[in-house]
J.: 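Structure in structure tokens, see below.
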Number of protein chains: 2
Amino acid sequence: MSEKPPDFTKPYSTVDLVIFTVRDDALSVLLVQRANAPDEPYPLRWALPGGYIDVDRDFDLLDCAKRKLKEKTSLVSPYLEQLGSFGDRERDPRGWSITQVYFALVPSSEIRLQAGANAIDARWFEIGSGETKVRERLAFDHERILTAAIERLRSKVEYTSLPAYLLPEEFTLSELQHIFEIVLARRLDKSGFRTRVLDAGLITKVPRVRRATNRPAQLYRLKDRSAPLVFPRTLGAKN
Amino acid sequence: MSEKPPDFTKPYSTVDLVIFTVRDDALSVLLVQRANAPDEPYPLRWALPGGYIDVDRDFDLLDCAKRKLKEKTSLVSPYLEQLGSFGDRERDPRGWSITQVYFALVPSSEIRLQAGANAIDARWFEIGSGETKVRERLAFDHERILTAAIERLRSKVEYTSLPAYLLPEEFTLSELQHIFEIVLARRLDKSGFRTRVLDAGLITKVPRVRRATNRPAQLYRLKDRSAPLVFPRTLGAKN
DNA sequence: CCAATAGTGTCTGTTAGACAATATACA
DNA sequence: TGTATATTGTCTAACAGACACTATTGG
């Protein structure tokens with residue numbers, strides 16, 4: 001039962017990102033296409049954005065995730081949370097590897113996609129409701145990771161106000177409800193939704209309204225955009 | 001924006017365990033004392049059990065965690081869940097390192113402690129309610145990890161039946177309630193507790209009773225001991 | 001029959017969920 | 001005035017929480 005010394009074989013360590021947004025009324029995830037190089041595994045396959053930890057530039061894991069997020073989306077401070085890590089002997093043909101997975105929620109406006117170093121293209125893919133979440137076979141074990149991320153997102157939406165991070169800074173209650181409905185894939189009752197969200201005290205009015213061809217709607221914003229998460233009560237109504 | 005090649009400097013990768021039990025009516029955590037060797041960081045400090053991933057023996061992260069758990073407690077299949085990973089440049093003086101942390105719930109009976117390779121002693125430490133969770137300064141960033149683990153445990157207890165894994169396979173409802181109260185550090189209403197737990201359908205009667213100097217108590221067991229987790233409704237009563 | 005704990009029943013304030021009514025803008 | 005959406009109100013069934021009562025054993 002001897003410990004391996006620290007300079008024994010180390011696993012590869014990467015950080016990958018599951019970046020969600022809602023566009024065209026559909027939950028979508030950002031994928032990048034891998035380069036077509038002979039020494040790169042899974043050439044031309046679509047994959048979650050990410051890459052190796054740079055021990056010289058990154059101070060910690062979150063730093064590394066933020067850096068990669070910025071490289072892909074040029075966003076600086078969206079919602080970012082650790083999903084978990086996935087590591088085994090077979091997921092990468094180059095050897096024992098571990099990926100630290102973070103998931104991010106970003107507003108679909110405010111985004112300019114950029115292809116990264118190892119990626120020749122970057123695109124949004126809609127999340128389907130079936131067993132296979134995306135109409136592509138992904139590289140590595142990324143399908144499993146994506147599935148886990150979706151599950152986490154859906155379950156957290158039941159008791160937090162996470163979807164607010166999918167909207168621009170200011171939004172109306174109707175817009176917020178709409179985005180909840182998209183993520184949860186079911187209708188919600190208007191009255192119940194409003195009281196739950198407002199009673200929870202997570203959002204505050206801003207002294208402005210959104211005008212259209214009807215009654216103007218009060219604008220709100222998150223009370224504390226940096227706060228990791230929060231919890232109204234249970235949610236539930238099916239309308 | 002060039003990617004580092006895979007054989008560039010890798011962080012060290014370890015797996016650490018936060019092993020909880022309840023003994024003498026107190027939530028406790030298993031710590032090991034680090035060896036007093038000149039080249040080892042934090043000599044004689046208490047730390048979470050764990051160690052380097054062995055890329056030859058461990059197939060995946062969970063495997064590695066199970067192996068280490070077995071080495072320390074000789075338990076094979078208790079509740080084991082990934083807590084998260086902690087990685088940065090400073091947490092280990094030997095260099096950039098990442099630890100994959102798992103947390104386990106074990107019944108306090110059924111345990112024979114064993115000191116591991118790098119550990120000269122292993123002991124249970126009671127979790128206090130104050131800011132500092134344990135009356136010891138721990139090695140590395142293990143205090144932060146322990147705090148996160150306790151937080152996770154307490155929050156999950158509010159909506160799952162996790163504490164059942166702290167009991168032997170068969171238990172009475174009173175025993176289950178008692179252990180909930182210890183973990184949550186508050187009293188619960190008997191009637192409400194029973195209906196919640198039973199309605200959730202997580203446990204089943206076994207055709208036996210526990211006898212004492214009073215009315216015998218029905219024995220129960222978890223319906224599916226391998227099921228990752230489960231959720232009654234919200235919990236809450238303060239009695 | 002007493003002590004001790006197991007197990008069940010009752011009452012009440014709160015709330016989720018469904019639904020309806022009213023409000024306010026532009027055209 | 002009409003249309004469209006915002007916002008608020010009402011009613012009801014379900015439920016959590018508090019508390020009390022009954023049940024069953026050993027001594």
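Quick note on labels: first sequence line is chain A, next is B, and so on, each numbered from 1.
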J.: Using atom OH of A:Tyr220 as one end and atom C1' of D:dA6 as the other, report the distance to the nearest whole Å.
T.: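 Rounded to the whole Å, the gap is 10 Å.
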
J.: Can you tell me which residue among A:Lys205, A:Arg208, A:Arg221 is in a salt bridge (charged side-chain N to carboxylate O under 4.0 Å, His left out) with A:Glu170?
T.: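 Among A:Lys205, A:Arg208, A:Arg221, the one that satisfies the salt bridge (charged side-chain N to carboxylate O under 4.0 Å, His left out) with A:Glu170 is A:Arg208.
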
J.: Parallel, tilted or perpendicular: which one describes the rings of A:Phe180 and A:Phe193, with boundaries at 30° and 60°?
T.: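 Taking A:Phe193 first and then A:Phe180, their aromatic rings stand perpendicular (interplane angle over 60°).
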
J.: Rounding to a whole Å, what distance do you find between B:His178:NE2 and C:dT5:C1'?
T.: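 The answer, rounded to whole Å, is 14 Å.
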
J.: Less than 4.5 Å apart, side chain to side chain, heavy atoms only: is that true for A:Ile203 and A:Phe171?
T.: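 With C-beta onward as the side chain, the pair touches.
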
J.: Starting from P on D:dC15, measure out to CZ on B:Phe193 and report it in whole angstrom.
T.: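 From B:Phe193 CZ to D:dC15 P: 19 Å.
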
J.: How many whole angstroms separate atom NZ of B:Lys190 from atom C1' of D:dC21?
T.: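 Going from NZ in B:Lys190 over to C1' in D:dC21 covers 10 Å.
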
J.: Listed by chain and number, what are the ring-ring contact (aromatic ring centres under 6.0 Å, His included) partners of A:Trp46, not counting sequence neighbours?
T.: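 In terms of ring-ring contact (aromatic ring centres under 6.0 Å, His included), with neighbours along the sequence ignored, A:Trp46 is linked to A:Phe125.
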
J.: Without decimals, in angstroms, what is the distance between B:Asp189 CG and C:dA6 P?
T.: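 Answer to the nearest Å: 14 Å.
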
J.: Where each residue is assigned the nucleotide of DNA chain C containing its nearest heavy atom, which of B:Ser174 and B:Gly192 is assigned the position nearer the 5′ end?
T.: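 Looking at the nearest nucleotide for each, B:Ser174 comes out on the 5' side.
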
J.: May I have the distance from A:Arg194 (atom CZ) to D:dA6 (atom P), rounded to whole angstrom?
T.: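 Between P of D:dA6 and CZ of A:Arg194: 7 Å.
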
J.: For the pair made of CG in A:Asp199 and P in C:dT14, what is the distance, rounded to whole Å?
T.: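 About 14 Å, once rounded to whole Å.
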
J.: Are the side chains of A:Asp16 and A:His142 in touch, meaning some heavy atoms are under 4.5 Å apart?
T.: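 Heavy-atom side-chain distance check passes, below 4.5 Å.
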
J.: Could you tell me how far apart B:Arg186 (CZ) and D:dA18 (P) are, to the nearest whole angstrom?
T.: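 Atom CZ in B:Arg186 sits about 10 Å away from atom P in D:dA18.
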
J.: So which protein N/O to nucleotides 22-27 of chain D N/O distances come out below 3.5 Å?
T.:
residue : atom : partner  : partner atom : Å
D:dA23  : O4'  : B:Arg215 : NH1          : 3.4
D:dA23  : N3   : B:Arg215 : NH1          : 3.0
D:dT24  : O4'  : B:Arg215 : NE           : 3.4
D:dT24  : O2   : B:Arg215 : N            : 3.4

J.: I need the full list of salt bridge (Lys or Arg N to Asp or Glu O under 4.0 Å) pairs touching residues 22-32 of chain B, with sequence neighbours left out, sorted by first then second residue.
T.: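 Not a single pair qualifies under salt bridge (Lys or Arg N to Asp or Glu O under 4.0 Å).
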
J.: Should A:Ser191 be listed as having a side-chain N or O under 4.0 Å from OP1 or OP2 of D:dT8?
T.: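 For A:Ser191, the contact criterion (side-chain N or O under 4.0 Å from OP1 or OP2 of D:dT8) is not met.
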
